[in-house]
A.B. asks: 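Sending over a structure as structure tokens; questions will come in a sec.
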Number of protein chains: 2
Amino acid sequence: MPPQPPAATPGTAPVAHLRVQRVRPAYRQVADELRTQILAGTLPAGTRLPNEGELGRAFGVSRSTAREALRVLSSQHLVETHRGVQGGTFVSEPDPARVVEDVGSALGVLVMTPQLHVSDLLEARLLLEPAAARLAAQRADAETVEAVRSAAAAHRDARDPSGFVGHLDFHTTLLMATGNLMLTLMGQPVNDVLRTRLRREGVEAHEWDKVDACHREIAEHVAEGRADDAEAAMRDHLVELRRLYERDGFWT
Amino acid sequence: MPPQPPAATPGTAPVAHLRVQRVRPAYRQVADELRTQILAGTLPAGTRLPNEGELGRAFGVSRSTAREALRVLSSQHLVETHRGVQGGTFVSEPDPARVVEDVGSALGVLVMTPQLHVSDLLEARLLLEPAAARLAAQRADAETVEAVRSAAAAHRDARDPSGFVGHLDFHTTLLMATGNLMLTLMGQPVNDVLRTRLRREGVEAHEWDKVDACHREIAEHVAEGRADDAEAAMRDHLVELRRLYERDGFWT
DNA sequence: CCGACGCTAAAGGTCTGACGTATCGCGCCA
DNA sequence: TGGCGCGATACGTCAGACCTTTAGCGTCGG
């Protein structure tokens, strides 16, 4: 609130003056109604909604208004639209990857405010990933173990950007290896944000080698079901990584 | 993909047939461009964008298209619009509460799919909250301690819906007491989902009393800085709660 | 007989122009 | 001096038209 409401003249109640939406616009009402029906399961995934014209008529609004409502829902990944005959608006299948993207994007906004510090992300990761390593070691089946191993083995040149991505893929793979989607949902956005914010220039090649070695060690612990070792190794690894981030000095 | 593409006749490349957006619609391009500028900081929070007409002209599109772009951004809480003179479209201040809401809503969608099980949420919470209790015990200042205490003390009739909310407020308060917003961001949506899904009918009054007692015990551990005890008590509490959820039997 | 080409209908995408309506500042009037 | 109403501004909504994409289907040629 830039212009600070004029300090409630004496006698008048200290009315909250702060930009309130008195009436919900029609497009919002339509969007809310449809969202409610989707979340309630009345409109299951895959359902084809009426075309924009009919939809508008059904709600007693114009096509433009109906379209704006659909834009809202589609930007929340609740519906998707396709053109052409056989096109239309369809209720979306829930997609964890989209959730991860959205959360990551939202974190990206928050992470540069005083409210959320990079060190908070590192701390959260330090809670999450060692525990994830433990669970992975306890649960991973042969196929999953293979995935973790190959993610750890993925080599990269120090100069190849895709290699850097490959490095973080190990953490992602490990989160998924727990078999608990919720852990991926919580951990992956953190990794995404960190990836976009770490300046790679200050990191030497031999340090990347060390990182790789840690990954392979953790992968082996997981492969052989040594939960305690996996957890400890991951914790050490993250502490080490934290030093890199700190030296990079990008969080002022 | 219901109609399974016709198995690529020999000779033709196995073209991915799966509903692709060949061209990005104009409203999406405009939205993406604006989003990029907002995330990059070119348009800092509080900035007033040109009115819809000018914005459209600036991008070479009509006002309707510009509006649809703005609807997308506003549904992602990147901008907000106000009517009247002095109204317009403004870049939003980042708001953690919105992120929590959005994530919670997205989880609500996922949690009824085979991909995400309620037990996954409980497991994630079992990782997160004991650690949060430990951090809170280590860090909480006097004011925070008081908040945690009063959240634990908040009594409710077994029949009062608001009391149930009050109960979960303790967990929320504790997450916030860590001083690490990221932990709140990860833990709160889980609690929100669980709250909306637990059927309260099967729970006896004396069981609620037990819950309250646990909360007060944890609060005291936090207040006196006993990190180990706080962590252990929270773990025990969650395990106990898990029994309630299991007996409730709502996850099939 | 079969495959390639092209037409056509359905639905979303975009444009234009108009009018409704919420707000707020300013100046008039009591 | 203080309350009230006018008017400017920008979003909200509507109506109708035309463009573009897409898939199905029918036709034509090999």
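For clarity, every value in this text was computed on a predicted model and none was experimentally measured. All chains are named by letter (A, B, ...) in the order of the sequence lines, taking the proteins before the strands, and each is independently numbered beginning at 1.
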A.B. asks: Does any donor atom in the side chain of A:S105 or A:D102 lie under 3.5 Å from an acceptor atom in the other side chain?
C.D. replies: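 Looking only at side-chain atoms, A:D102 and A:S105 do not form any donor-acceptor pair under 3.5 Å.
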A.B. asks: Please identify each residue that fulfils side chain to side chain contact (heavy atoms under 4.5 Å, CB included) with A:S92, with sequence neighbours left out.
C.D. replies: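 A:S92 satisfies side chain to side chain contact (heavy atoms under 4.5 Å, CB included) with A:E80 once adjacent residues are dropped.
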A.B. asks: Provide, to the nearest angstrom, the distance between the OH atom belonging to B:Y27 and the C1' atom belonging to C:dC15.
C.D. replies: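 After rounding, the gap between these two atoms is 16 Å.
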A.B. asks: For B:R67 and C:dG13, what is the distance between atoms CZ and P respectively, to the nearest whole Å?
C.D. replies: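 In whole Å, C:dG13 P and B:R67 CZ are 17 Å from each other.
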A.B. asks: Rounding to an integer number of Å, can you tell me how far A:R48 CZ sits from C:dA10 C1'?
C.D. replies: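 After rounding, the gap between these two atoms is 8 Å.
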A.B. asks: I'd like to know if the side chain of B:R57 and the backbone of B:E52 have a donor-acceptor N/O pair within less than 3.5 Å.
C.D. replies: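 Such a contact is absent between B:R57 side chain and B:E52 backbone.
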A.B. asks: Is any side-chain N or O of A:R83 under 3.5 Å from a base N or O of D:dT20, one able to act as donor and the other as acceptor?
C.D. replies: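 Answer is yes: a donor-acceptor pair is held.
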A.B. asks: When you measure from every atom of DNA chain D, which of residues 50-66 of chain A have a heavy atom less than 4.0 Å away?
C.D. replies: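 Within this stretch, A:G60, A:V61, A:S62, A:R63, A:S64, A:T65 sit under 4.0 Å of the strand.
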A.B. asks: To the nearest Å, give me how far apart CG (A:L49) and C1' (C:dG12) are.
C.D. replies: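 Rounded to whole Å, this separation is 13 Å.
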A.B. asks: For C:dG12 and A:T89 - does any side-chain N or O of the residue sit under 4.0 Å from the phosphate oxygens OP1/OP2?
C.D. replies: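 For C:dG12, OP1 or OP2 has a side-chain N or O of A:T89 closer than 4.0 Å.
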A.B. asks: Please check this pair: side chain of A:D169 against backbone of A:A151, looking for a donor-acceptor N/O pair closer than 3.5 Å.
C.D. replies: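 Here the side-chain-to-backbone pair does not exist.
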A.B. asks: Using atom CD of A:Q86 as one end and atom C1' of C:dA11 as the other, report the distance to the nearest whole Å.
C.D. replies: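 The distance from CD of A:Q86 to C1' of C:dA11 comes to 10 Å, rounded to the nearest Å.
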A.B. asks: Please report the distance, rounded to the nearest Å, between CZ in A:R24 and P in C:dT21.
C.D. replies: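 Roughly 19 Å, once rounded to whole Å.
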A.B. asks: Round to the nearest Å and state the distance from A:R71 atom CZ to D:dG12 atom P.
C.D. replies: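 It works out to 16 Å between those atoms.
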A.B. asks: How far does CG of B:L70 sit from OG1 of B:T89, to the nearest 0.5 angstrom?
C.D. replies: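 Nearest 0.5 Å value for the CG-OG1 distance: 4.5 Å.
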A.B. asks: Quickly work out the A:L70 CG to C:dT14 P distance and round it to whole Å.
C.D. replies: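 Rounded to the whole Å, the gap is 14 Å.
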A.B. asks: Holding to side chain to side chain contact (heavy atoms under 4.5 Å, CB included), I want the full list of residues that pass it with A:Q29, two or more places apart in sequence or in another chain.
C.D. replies: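 Once residues adjacent in sequence are excluded, the partners of A:Q29 under the side chain to side chain contact (heavy atoms under 4.5 Å, CB included) criterion are A:R24.
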